[in-house]
Amino acid sequence: MHSILKFNEYLSCDSKKTDLKKTIYMKILVCISNVPDTTSKINFTDGNSKFDTNGVQFVINPNDEFGLTRAMWFKEKQGATVHVATVGGPTTEPTIRKALAIGADEAIRVNAEPLDGFFVAEQLAAVIKDGAYDLVIAGRESIDYNGGMVPGILATLLDMNFVNSCISLEIEGDKATAVREIDGGKEKLTTTLPLVIGGQKGLVSESDLKIPNMRGIMMARQKKLHVVEPVDANSTTEDLTFDKPAPKGSIKMVDADNLDELINLLHNEAKVI
Amino acid sequence: MSVLVYTESENGKLKKNAAEVASYAYEVAQQMNTTATAVAINTEDSASIGDYGISKVLNVTAENLKPFNAKAYAHVLKQAADKEGAKVIILSSSTDAKYLAPILTALLKGGYVPNVVAAPESTSPFKVKRTVFSNKGFAHTELKSDIKIIGVSNNSFGNIENKTTANAEDFSPSLDENIFGTTSVDIDKVVGKATIADADIVVSGGRGLKGPENWGMIEELAEVLGAATACSKPVSDLGWRPHGEHVGQTGKPVATNLYIAIGISGAIQHLAGVSASKVKVVINSDPEAPFFKAADYGVVGDAFEVVPKLIEKLKEFKSQST
Ligand SMILES: Cc1cc2nc3c(=O)[nH]c(=O)nc-3n(C[C@H](O)[C@H](O)[C@H](O)COP(=O)(O)OP(=O)(O)OC[C@H]3O[C@@H](n4cnc5c(N)ncnc54)[C@H](O)[C@@H]3O)c2cc1C
């Protein structure tokens, strides 16, 4: 909660003369999920009980990448330390190194297979407790298992405030203004730190996403990557088997000069209009 | 021991998705030889949910629950579950439901499975089918915890009528002021127009439409069909359309009855997000566009010629059928 202390110190000075950057700094944790690249072919193996990682390229979950980019913005504009954390085995390290190359200061890997969302949230909650973070940025959902529960569960376990589907976040002192997406529009919310958000597209503009440069990659090698052992936690769900959607039946083509036929098909065959 | 379902409302009226989650809850209750109870917050017409097999409604009326607050609503549902001794809780896939579900899961130390697309495969052990990898696969998932929370995918189970009388009961949860956590200061929402989340038909435009000035025909087509409008990712990245319209793997998922893609190539990330729609129509000038492999009906042609003609034909069709 040190940012709140800093903020009070800041209030007691003459704010016009004080450089914001020097007085306030936040401690931010970005939770990173290591997921198959969006172009991956999805297959299952071991009697359809496991995702087949063969030939699959892993990346930072896109929703988390928006969050990481927003964290870098806070670091540059308002002063912040940015840590990243992931729950996963040693094979996730290239993805974490990429986050360091983009500019995160330190990384934490909880050395455990992510069993389910609740389990991952418990692991991250332990990391957050240890690190006393003011702001935790996770993704609204990861694009592999689409669970969408990690940020909300960990916020609740730690009794931190929580904004999901977050598309804009501003912070001043310990006050936060966030915009979340709602069905058919958006809602502006005010809240206070410590805060957890479930971020998504919109949090930063697409053009702000950073591709690590050579210097970043070199520097990332020197940065600390702490490996910690998991805390005791149970999973509450288990994926027993997987399967793939049935292949699509063939398409019916309609001539551009015969749109009555399209309407006829949609009305009488598909019965959707 | 009844199955609990949260039926959402807006401006005092049940939302469209309430019927589907209620139907699902009734199905689970049947499988478990019990009854289904709904929780309705600030809802005037909650009794009508009896049409979908719900035999009891807990009506919560409270000024401080306007507008939606995820944490407070999660506490309401927790208290309702405690009171009813409910072990299974059914939610929708709305943005609000997906916001409160993990909070409720943590409060109850339960298991949560979102994106469920069918009735439970069994209730002991409790197994459900859900989508994973953005609709590129399905998982058959067991809930091992005592409390089970299910998020039903939009438009996957359907509305199944089972006329019952829903006995109304007032329920006053105790909500401490400091549990709210966030304060709503502004809601910016389209009114009177279908949204991507609940529309039966979605009309979507891609980069093939060349620029934002050409969206008039997309909006007109949507209006004729009573549809919501959507777009591909580059269209929202370019600022031609608002971010809220971006659909696909990294945007909103679409699971409507009819999805019409105009000037959209059908990239894997786009298809992943829209493939749960029941019927897909593609209009594209390039016969090689990948979307033709994923659609049910296709028209090869210039959108600027096809769409205005289609609008005219649909207007004729609508005027004849009414
Ligand atoms: C990590 C990642 C995530 C992504 N997530 C998403 C996502 O969630 N959603 C998404 O949509 N994309 C996503 N993408 C982008 C995706 O790969 C494609 O680039 C994008 O979907 C293409 O959009 P488009 O079809 O509108 O444009 P294009 O691919 O440029 O296609 C335009 C189409 O319009 C047709 N056309 C041109 N002129 C006409 C005309 N006059 N009449 C009719 N047709 C015409 C062309 O034949 C072409 O097929 C993602 C990409 C990445 C890397």
Side-chain angles (χ1 to χ4, degrees), chain A residues 36 38-39 42 44 62-63 117-118 121 143-149 151-153 155-157 161-165 167 181-191 201-202 206 235-245 248 251-254 256 259-260 262-263 265-267 270 272-273, chain B residues 94-95 98-99 101-103 105-107 110-115 132-134 136-145 181-190 195 197-198 225 237 243-244 246 249-251 257-258 268-269 279 292 294-301 306 309-310 313-314 317:
Chain A
T38 55
T39 58
I42 303 301
F44 303 101
N63 288 319
F118 210 121
I143 63 165
D144 50 3
Y145 295 94
N146 311 116
M149 68 187 92
I153 293 177
T156 310
L157 291 175
N161 291 327
F162 171 48
V163 176
N164 206 11
S165 306
I167 53 173
E181 197 166 84
I182 56 175
D183 294 331
K186 50 196 175 179
E187 179 183 29
K188 190 178 196 177
L189 300 164
T190 53
T191 184
K201 188 190 166 195
E206 204 77 12
S235 61
T236 53
T237 62
E238 185 182 346
D239 294 325
L240 305 172
T241 54
F242 296 93
D243 47 50
K244 295 214 286 181
K248 186 89 209 143
I251 185 169
K252 274 197 185 153
M253 296 304 291
V254 177
L259 295 172
D260 286 322
L262 180 63
I263 293 171
L265 288 167
L266 293 176
H267 182 62
V272 287
I273 61 170
Chain B
S94 71
T95 312
K98 286 199 167 183
Y99 188 0
I103 303 174
T105 302
L107 291 176
Y112 168 49
V113 179
N115 309 320
V132 288
F133 296 96
S134 314
K136 289 182 224 166
F138 296 107
H140 302 268
T141 306
E142 181 181 345
L143 286 114
K144 301 182 292 181
S145 49
T182 57
T183 309
S184 175
V185 289
D186 186 38
I187 293 176
D188 175 3
K189 198 176 157 154
V190 289
T195 67
D198 66 12
L225 289 166
D237 289 348
H243 285 310
H246 161 198
Q249 190 166 13
T250 52
N257 287 337
L258 173 61
I268 187 165
Q269 300 94 348
V279 175
F292 285 110
D296 302 279
Y297 302 103
V299 179
V300 175
V306 175
K309 263 199 254 169
L310 183 59
K313 302 263 180 207
L314 277 167
F317 165 76

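Reckoned from all heavy atoms, side chains included, excluding hydrogens, waters and symmetry mates. Lettering follows sequence order; numbering is per chain, from 1.
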Taking the six-membered ring for Trp, is the centroid-to-centroid distance between B/Y112 and A/F118 below 6.0 Å?
no
Non-hydrogen atoms of chain B under 4.5 Å away: do they reach the side chain of A/N164, the backbone, both or neither?
both
Dump the intermediate steps for side-chain hydrogen bond (donor to acceptor under 3.5 Å, both in side chains) on A/T38 and B/Q269, then the final yes or no.
CA-CA 6 Å; A/T38 55; B/Q269 300 94 348; 2.8 Å; yes
Nearest 0.5 Å please: distance from the CG atom of B/L143 over to the OG1 atom of A/T237.
6.5 Å
B/D296 with A/K248: basic N within carboxylate O range, under 4.0 Å:
yes
When rounded to the nearest 0.5 angstrom, what distance separates NZ in B/K189 from NZ in A/K186?
14.0 Å
Determine the minimum heavy-atom distance between A/G147 and B/P114, stating which atoms define it.
O-CG, 3.4 Å
May I ask you to name which of B/L107, B/T250, B/T182, B/N115 has the most heavy-atom pairs under 4.5 Å with chain A?
B/T182
Please determine, among B/T195, B/L225, B/V113, the option with the most heavy-atom pairs under 4.5 Å with chain A.
B/T195
What closest approach, in Å, do A/P245 and B/F138 show between heavy atoms, and which atom pair accounts for it?
CA-CE1, 3.7 Å
What distance separates A/L266 CG from B/N257 CG, expressed to the nearest 0.5 Å?
11.5 Å
Measuring heavy-atom distances to chain B, does A/A270 have an atom under 4.5 Å in its side chain, in its backbone, in both, or in neither?
both
Given heavy-atom pairs under 4.5 angstrom as the criterion, report whether the side chain, backbone, both or neither of A/I263 touches chain B.
side chain
The interface call for B/V299 against chain A, heavy-atom contacts under 4.5 Å, is both
Against chain A, label B/Y297 side chain, backbone, both or neither, depending on which of its atoms sit under 4.5 Å from a heavy atom there.
both
Which atoms of A/K201 are under 4.5 Å from chain B, going by heavy atoms: the side chain, the backbone, both sets, or neither?
side chain
Is chain B contacted by the side chain of A/L262, its backbone, both, or neither, given a heavy-atom distance below 4.5 Å?
side chain
Between CG on residue A/D183 and OG1 on residue B/T95, distance to nearest 0.5 Å:
3.0 Å
Rounded to the nearest 0.5 Å, the NZ atom of B/K144 sits from the CD atom of A/E238 at a distance of 4.5 Å
Measuring heavy-atom distances to chain B, does A/P62 have an atom under 4.5 Å in its side chain, in its backbone, in both, or in neither?
side chain
Is B/D188 in contact with chain A via its backbone, its side chain, both, or neither, using a 4.5 Å heavy-atom distance?
both
Residue A/T241 versus chain B: region with a heavy atom under 4.5 Å
both
Chain A heavy atoms under 4.5 Å from B/A101: which part of the residue, side chain, backbone, both or neither?
neither
Do you know which of B/K313, B/K98, B/K309 has the most heavy-atom pairs with chain A at a distance under 4.5 angstrom?
B/K313
On a heavy-atom basis, which atom in A/A256 and which in B/V306 lie closest, and how many Å separate them?
CB-CG2, 4.1 Å
Can you tell which part of B/I187 gets under 4.5 Å to a heavy atom of chain A, answering side chain, backbone, both or neither?
both
Calculate, to the nearest 0.5 Å, the distance between atoms OG1 and CD1 belonging to A/T39 and B/I268 respectively.
6.5 Å
For chain B, find which of A/L157, A/I167, A/I143 contributes the most heavy-atom pairs closer than 4.5 angstrom.
A/I143
Within the 4.5 Å heavy-atom criterion, are A/I273 and B/L314 side-chain neighbours or not?
yes
In terms of heavy-atom contacts, B/F292 and A/I251 come closest through O-CD1, 3.3 Å
In terms of heavy-atom contacts, A/T191 and B/G181 come closest through OG1-O, 2.7 Å
By a 4.5 Å heavy-atom criterion (distance strictly below it), what part of A/F162 contacts chain B: side chain, backbone, both, or neither?
both
Region of A/P151 in contact with chain B, defined by heavy-atom distances below 4.5 Å
neither
Expected output: side-chain A/D243 to main-chain B/G137 donor-acceptor under 3.5 Å:
no
A/E181, part contacting chain B, at a heavy-atom distance under 4.5 Å
both
